[in-house]
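Here the structure comes first, spelled out in structure tokens, and everything after it is commentary.
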Amino acid sequence: MIGFFIIGLILIPVVTLVSASVIEARGSLRLPGLFVTSVIMQIIGFVASFAVLGLALRFIVPQ
Amino acid sequence: MAMNIRGRGIDRAAATDLLRPLLHTDRAFYVFGGILLLLVGWLGYAWFLQLTQGLGVTAMRTPVGAGWGVYIANFIFFASMAHGGMAISAAVRLMKLNTYKPIARMGEVLTIVCLLMAGLSISLDMGRPDRIFNVIRFWPLRVGSSPLSWDITVIILYFTLSSSFLWLTIRKDLVPLANRFPRFNWLYKILLIGYRPGEERQIDRMAWWLSIAVVFLIVMLSGGVIPWIFGLLPSRPGWFSAMAGPYFLTAAIASSIAAVIVVAGILRKVFKWQEYIKPEIFQGLGRFLGIITLFYLYLTLAEQITMRYAAPESELMISESLLEGELSPVYWAVIVLGFSLSSLLLIIQAIRPRWFGLNRTILAAGAIIVAFWFKRVFIVVPSLLRPLLPFPSGTYNPSWVEWSIIVGIFALAVLVYMIFLKIFPIVEIGEKE
């Protein structure tokens with residue numbers, strides 16, 4: 001299960017640094033909110049596009 | 001000089017200069033764009049054949065032969081090239097390297113385009129791409145043990161952070177464009193959602209922290225999860241190595257800096273930006289590229305010495321195929337013309353600045369990029385042709401379908417970059433016109 005260690009090793013510092021950028025914007029959560037929303041929406045977009053692409057390709061790839 | 005684009009203010013004439021790609025579209029653009037579109041269409045046709053007839057239309061074979069080929073090499077190439085642009089942009093913010101500010105956004109866009117092409121390359125390598133959602137579906141089961149799952153996770157994270165970073169930093173330049181280019185007004189309005197004048201200072205502070213996150217991700221991606229696809233596998237000779245991380249990271253830094261030099265050089269010439277993109281930018285990047293390429297040559301030497309001194313026979317066979325076998329003509333061209341002569345030229349220019357030549361620097365950077373593409377093929381293919389299991393050695397010559405797809409991916413990369421140029425300012429304009 002070394003993968004969980006590696007993913008943690010990467011994600012924890014990244015999440016910490018992104019949080020630091022959010023905290024840096026003291027007093028206004030508008031820009032940090034926009035940034036985090038953009039990241040989350042893009043990740044959802046990736047997952048959705050994988051699903052759509054997979055479904056669409058079923059009509060082309062012989063089953 | 002009429003303006004200082006490193007400063008806060010900017011006059012209208014300078015802004016017009018920097019918006020030249022949006023303001024003027026000549027015939028050459030349509031001709032070149034048309035050729036690229038044709039190549040992308042050809043990619044679509046080749047992929048359709050591959051989808052309907054299977055990977056048999058490629059030259060990839062298993063168990064005798066290479067199960068991975070130019071697609072995977074192309075994936076490593078584009079994933080690696082994605083780092084220089086963001087690295088330069090991060091360095092500009094973290095170390096106040098304002099000299100390089102005019103090329104920071106060029107690099108950021110290069111990162112986005114290269115990551116898209118890396119993702120496309122690996123998707124095209126899939127035998128059953130209709131099952132692509134399984135990557136997400138079984139992610140919780142796979143992430144504990146599969147380097148490919150780590151790769152997908154980190155690449156998606158890097159892409160989303162980079163594109164959101166680009167979006168934040170480009171917002172201030174979209175304000176004057178909204179009225180000036182009504183055709184794209186709807187798009188600018190969407191991207192300017194929640195905009196308030198004076199938000200730039202807050203964005204600068206946020207970008208400082210995000211730059212550290214981006215640099216960390218670059219190291220973990222190009223020096224971590226991508227090389228670990230190969231470096232953790234003892235089942236293939238030539239791959240199993242603790243040196244894989246530093247080796248790949250050095251290659252990524254060199255090839256991506258070379259790509260930024262070439263892109264900046266082309267845009268400078270095409271849009272007559274000599275006043276804004278100074279030769280000192282190319283001098284600085286060229287100097288760094290020369291040193292890092294030389295270091296890569298040292299790593300290559302260390303790898304070959306290890307493979308030849310007292311290594312297992314399978315490792316020696318790979319080294320022989322590269323140095324004196326069927327791959328040697330291209331391998332030596334890569335080492336001598338691509339890496340040695342180019343880095344020598346760049347280092348001589350660094351030692352004797354009066355011998356600096358802009359075109360020579362761009363040419364050397366171009367040669368390094370081409371060399372790195374072939375070097376990626378040499379990482380992937382020879383190890384697969386000579387397995388440890390008792391199968392005979394195979395051969396691999398990419399089919400026309402594979403070449404069509406590779407050329408199409410490069411054409412698509414250039415096309416996407418050109419489209420960005422026509423819609424957004426590629427050089428930071430400043431806070432006010």
Side-chain angles (χ1 to χ4, degrees), chain A, chain B residues 47-48 51-54 119 123 126-137 139 142-147 149-150 152-154 156-161 163-165 167-168 171 193-196 199 202-203 205-217 220-221 224-225 228 232:
Chain A
M1 290 291 121
I2 192 172
F4 292 107
F5 169 75
I6 286 167
I7 292 294
L9 188 74
I10 295 168
L11 287 187
I12 291 168
V14 169
V15 171
T16 308
L17 288 162
V18 172
S19 305
S21 81
V22 171
I23 295 164
E24 182 75 32
R26 287 179 291 269
S28 167
L29 285 177
R30 184 179 52 87
L31 279 171
L34 283 171
F35 179 79
V36 173
T37 308
S38 159
V39 171
I40 292 169
M41 278 177 65
Q42 283 186 66
I43 291 171
I44 293 169
F46 265 108
V47 173
S49 61
F50 275 35
V52 171
L53 183 68
L55 275 173
L57 287 175
R58 279 187 193 182
F59 294 103
I60 302 172
V61 179
Q63 300 294 309
Chain B
W47 192 30
F48 178 77
L51 286 172
T52 50
Q53 296 177 27
S123 306
M126 296 175 77
R128 290 294 301 267
D130 53 321
R131 294 177 182 170
I132 193 167
F133 191 68
N134 286 354
V135 170
I136 305 289
R137 206 172 135 205
W139 184 87
R142 292 273 174 240
V143 74
S145 55
S146 163
S149 287
W150 312 340
I152 288 159
T153 311
V154 182
I156 289 178
L157 187 67
Y158 183 50
F159 181 89
T160 54
L161 274 184
S163 57
S164 301
F165 182 95
W167 172 54
L168 274 189
R171 278 161 66 91
I193 186 167
Y195 178 81
R196 282 182 205 159
E199 68 177 26
Q202 198 181 356
I203 287 176
R205 287 306 303 163
M206 283 180 69
W208 193 87
W209 286 104
L210 293 173
S211 297
I212 305 176
V214 161
V215 170
F216 176 74
L217 270 178
M220 293 312 290
L221 186 59
V225 292
W228 290 337
L232 301 183

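The analysis underlying the following values was restricted to heavy atoms, covering all of them including side chains, and did not include hydrogens, waters or symmetry mates. Every chain is numbered from 1, with letters handed out A, B, ... down the list of sequences.
When every heavy atom of B/Ile156 is checked against every heavy atom of A/Phe46, the shortest pair comes out as CG2-CD1, 3.9 Å. Scanning both residues, A/Phe50 and B/Ile136, for their nearest heavy atoms gives CD2-CG1, 3.6 Å. Closest non-hydrogen pair, A/Phe4 versus B/Gly144, comes out as CE1-CA, 3.6 Å. Contact record, A/Pro32 with B/Met206: CA-CE, 3.8 Å, taken as the closest heavy-atom pair. Nearest heavy atom pair, residue B/Phe159 against residue A/Gln42, reads CE2-OE1, 3.5 Å.
With sequence neighbours left out, the ring-ring contact (aromatic ring centres under 6.0 Å, His included) criterion links B/Phe165 to no other residue.
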Next on the checklist: Walk me through whether A/Val52 and B/Phe133 qualify under side chain to side chain contact (heavy atoms under 4.5 Å, CB included).
Outcome noted: CA-CA 9 Å; A/Val52 171; B/Phe133 191 68; over 6 Å; no
Next on the checklist: side chain to side chain contact (heavy atoms under 4.5 Å, CB included), that's the test. Do A/Leu31 and B/Arg196 meet it? Break it down for me.
Outcome noted: CA-CA 10 Å; A/Leu31 279 171; B/Arg196 282 182 205 159; over 6 Å; no
Next on the checklist: Does B/Trp139 form a side chain to side chain contact (heavy atoms under 4.5 Å, CB included) with A/Val47? I'd like the steps, not just the answer.
Outcome noted: CA-CA 11 Å; B/Trp139 184 87; A/Val47 173; over 6 Å; no
Item to check | Worked check of side chain to side chain contact (heavy atoms under 4.5 Å, CB included) between B/Val143 and A/Ile7 | outcome: CA-CA 8 Å; B/Val143 74; A/Ile7 292 294; 3.6 Å; yes
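A distance of 8.0 Å separates CD1 of A/Ile43 from CG of B/Leu161, quoted to the nearest 0.5 Å. Taking CD1 of A/Ile10 as the reference point, atom CG of B/Leu221 lies at 8.0 Å (rounded to 0.5 Å). B/Leu168 CG to A/Leu34 CG: the interatomic distance, rounded to the nearest 0.5 Å, is 7.5 Å. Note that CD1 of A/Ile6 is 11.0 Å distant from OG1 of B/Thr153, once rounded to the nearest 0.5 Å. Atoms CH2 and OG, from B/Trp208 and A/Ser21 in turn, are 11.5 Å apart once rounded to the nearest 0.5 Å. Considering CZ of A/Arg58 and CZ of B/Arg128, their distance stands at 8.5 Å, rounded to 0.5 Å.
Atom CZ of B/Phe48 has 12 or fewer neighbouring heavy atoms from other residues, nucleotides or ligands inside a 6.0 Å radius. With a 6.0 Å radius and a threshold of 12 heavy atoms from other residues, nucleotides or ligands, A/Ile2 has its CD1 atom at or below the threshold.
Heavy atoms closer than 4.5 Å to chain A are found in both the backbone and the side chain of B/Ile132. For B/Val225, the part sitting under 4.5 Å from any heavy atom of chain A is the side chain, from C-beta outward, and nothing else.
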Acceptor/donor pairs from residues 11-18 of chain A side chains to any protein atom, 3.5 angstrom cut, sequence neighbours excluded:
from    : atom 1 : to      : atom 2 : distance (Å)
A/Thr16 : OG1    : A/Ile12 : O      : 2.6

